[in-house]
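Per chain, numbering begins at 1; letters A, B, ... match sequence-line order.
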2 protein chains.
Amino acid sequence: MKQIKISEAVVRRLPIYLRYLNELSISDVQTVSSQDLGDKLDLNPAQIRKDLAYFGEFGRKGVGYNVGYLIEKIRHILNLDRPIHVALVGAGNLGRALCNYNMYLKDNMKIVSVFDDDPAKKGVAIGNLTVNPIQMLPDEVKDKDISIGIITVPASEAQKVADRFVEAGIRAILNFAPTVLKIPAGIRIHHADFTSDLLSLAYYMDHDLDSDAAEDPVNSDDAEGAEQ
Amino acid sequence: MKQIKISEAVVRRLPIYLRYLNELSISDVQTVSSQDLGDKLDLNPAQIRKDLAYFGEFGRKGVGYNVGYLIEKIRHILNLDRPIHVALVGAGNLGRALCNYNMYLKDNMKIVSVFDDDPAKKGVAIGNLTVNPIQMLPDEVKDKDISIGIITVPASEAQKVADRFVEAGIRAILNFAPTVLKIPAGIRIHHADFTSDLLSLAYYMDHDLDSDAAEDPVNSDDAEGAEQ
DNA sequence: TAGATTGTTAATCGATTAACAATC
DNA sequence: TAGATTGTTAATCGATTAACAATC
């Protein structure tokens, strides 16, 4: 039996496929080709076929993919055919926004517990949840079978929260704090750091051309730079 | 003069470097090596040296990089040595959270205008901004020299907002809506789609039971039985 | 059948890492 | 000087894309 390592890039595309397939399903579209998917999602059709083929043979030659069947398969691959429980630490503006964003409820994944170490926030309601003190984290993780943690505390507190998550037995972390975290191997971590995202976009603005070109290889030509 | 194409991967690391360098600067650290940076940021030191070398020779052999000097250089490369103005469309929970997140003020980048097409939100205050009707977008972009747009509307509205941004002459977009947008070549777009991020983490729940060995995520149920 | 489209292998492209001469 | 560390080239690794036989 061959052991294929599925790359993170592949896994990250699966929810994108799933999302569009769900749209197609709602529109009662029965069948879709890798070409259709590629056009819509701005991806190479060969890449889509290859991604899916890692997990099985889901299509029919000459026909395409059955939308409902492919949805079912991807949901299974992503473990979304069973409930996945999420905890969030940091009931600030961003944390509250994410809690209210319950649009992924339909995907069997939901935030079931919110924490904050500010005593003033204890018991405050956010949607149908109430803010717990951070000390309750280990018990809640156990009691509610929580496997993913979201961090929305300031950068200065993020590592401490991550450590607590790890100790409580969480399997994966989504970190919104603008800092790099040290996490033991075996725990997955994704960074959702929009401040870095935003700053990196500034690179593509028109550079002012004042400085000496010798020392500044970043001139406006770079910003155009071929469509990809 | 050589025109080197700088990859997006490189550009995206620059703000990460900058952030840690700023921390070092605050701690009065004068010099840092690529080894130090790599340890802290979980990156290969050779990669860091290579990234920086695309833009010039910023270090000293046998010594390392001067923190203050490198900050200055990276800020210049990223255009953060001049004000960068940002507009945000979608004054919901997430949009308001981002507006209140003015922690990147110190980087010369700030949200200067907020829009929403809900008449009920017109004039509502968010921090020191007030919500404008979407019709004002083109004029605001011109008047306030706005070059980056943030989209925090529902997925169903996101393409319309993107089109407005492009027409108004924006140079780059940060899209928080969970959908793929069609954007003309030459305009940069980054996706900050945390719902996909979160869903993709679910993949690692069952499959990753032993940490380092690549394990076969294609279990027998998966590989089998395309009904078709 | 003829046209379409998959699954998969091979080719290409790009990014990361290793290695080391230069030199502080 | 001896040790440290850069800048850069070469080697490696991994991901994307092209191509096409299989086949619906």
### Query
With a non-hydrogen cut-off below 4.0 angstrom, is A:Gln47 in contact with a base, only sugar-phosphate, or nothing?
base
### Query
Which distance, rounded to the nearest 0.5 Å, do you find between the CZ of A:Phe55 and the CG of A:Leu78?
8.0 Å
### Note: B:Arg82-B:Asp145 ion pair, threshold 4.0 Å (strictly below)
no
#### Entry: Any B:Ser34 side-chain N or O less than 4.0 Å from OP1/OP2 of D:dT6
yes
### Message
Does D:dG7 have its OP1 or OP2 closer than 4.0 Å to a side-chain nitrogen or oxygen of B:Tyr65?
### Response
yes
### A:Asp51 (side chain) donor-acceptor with A:Val10 (main chain) under 3.5 angstrom
no
#### Entry: Euclidean distance, atom CG of residue B:Asn66 to atom C1' of D:dT5 [Å, nearest integer]
15 Å
### Task
Would you mind reading off the distance between B:Phe55 atom CZ and D:dT8 atom C1', rounded to a whole angstrom?
16 Å
### Strand partner of D:dT12, provided both Watson-Crick or wobble distances fall under 3.5 Å
C:dA15
### Message
With a 4.0 Å cutoff (strictly under), does any side-chain N or O of A:Tyr54 reach OP1 or OP2 of D:dA15?
### Response
no
### Atom pair distance, as rounded to whole Å: CG in A:Leu41 and C1' in D:dT16
16 Å
### Message
From CD of A:Gln35 over to P of C:dG7, roughly how many Å is that when rounded to an integer?
### Response
15 Å
### Query
Which value, rounded to the nearest 0.5 Å, describes the distance between A:Arg19 atom CZ and A:Ile71 atom CD1?
13.5 Å
### Task
Searching all strands shown, indicate the nucleotide that pairs with D:dA22 (Watson-Crick or G-U wobble; both distances under 3.5 Å).
C:dT5
### Query
Can you find a side-chain donor-acceptor pair between A:Gln159 and A:Asp163 that sits under 3.5 Å?
yes
### Task
Map B:Gly64 and A:Arg13 onto DNA chain D by nearest heavy atom, then report which one ends up closer to the 5' terminus.
B:Gly64
### Message
Please report the distance, rounded to the nearest Å, between CD1 in B:Ile48 and P in C:dA15.
### Response
17 Å
#### Entry: For atom CG of B:Leu70 and atom C1' of D:dT5, their distance in whole Å
14 Å
### Query
Taking NZ from B:Lys50 and C1' from C:dC20, how many angstroms apart are they, rounded to a whole number?
15 Å
### Query
Just how far, in rounded Å, is C1' of C:dG7 from CG of A:Asn44?
14 Å
### Query
From the list C:dC24, C:dA18, D:dA19, which nucleotide is the closest neighbour of the side chain of B:Ala46?
C:dA18
### Query
Hey, is the side chain of A:Ser7 poking within less than 4.0 Å of OP1 or OP2 on D:dG14, counting only N and O atoms?
no
### Query
If you check every side-chain atom of B:Arg49, which of D:dG7, C:dG7, C:dC24 has the closest atom?
D:dG7
### Query
B:Arg60 near the nucleic acid: base, sugar-phosphate alone, or nothing, with a heavy-atom cut-off under 4.0 Å?
sugar-phosphate
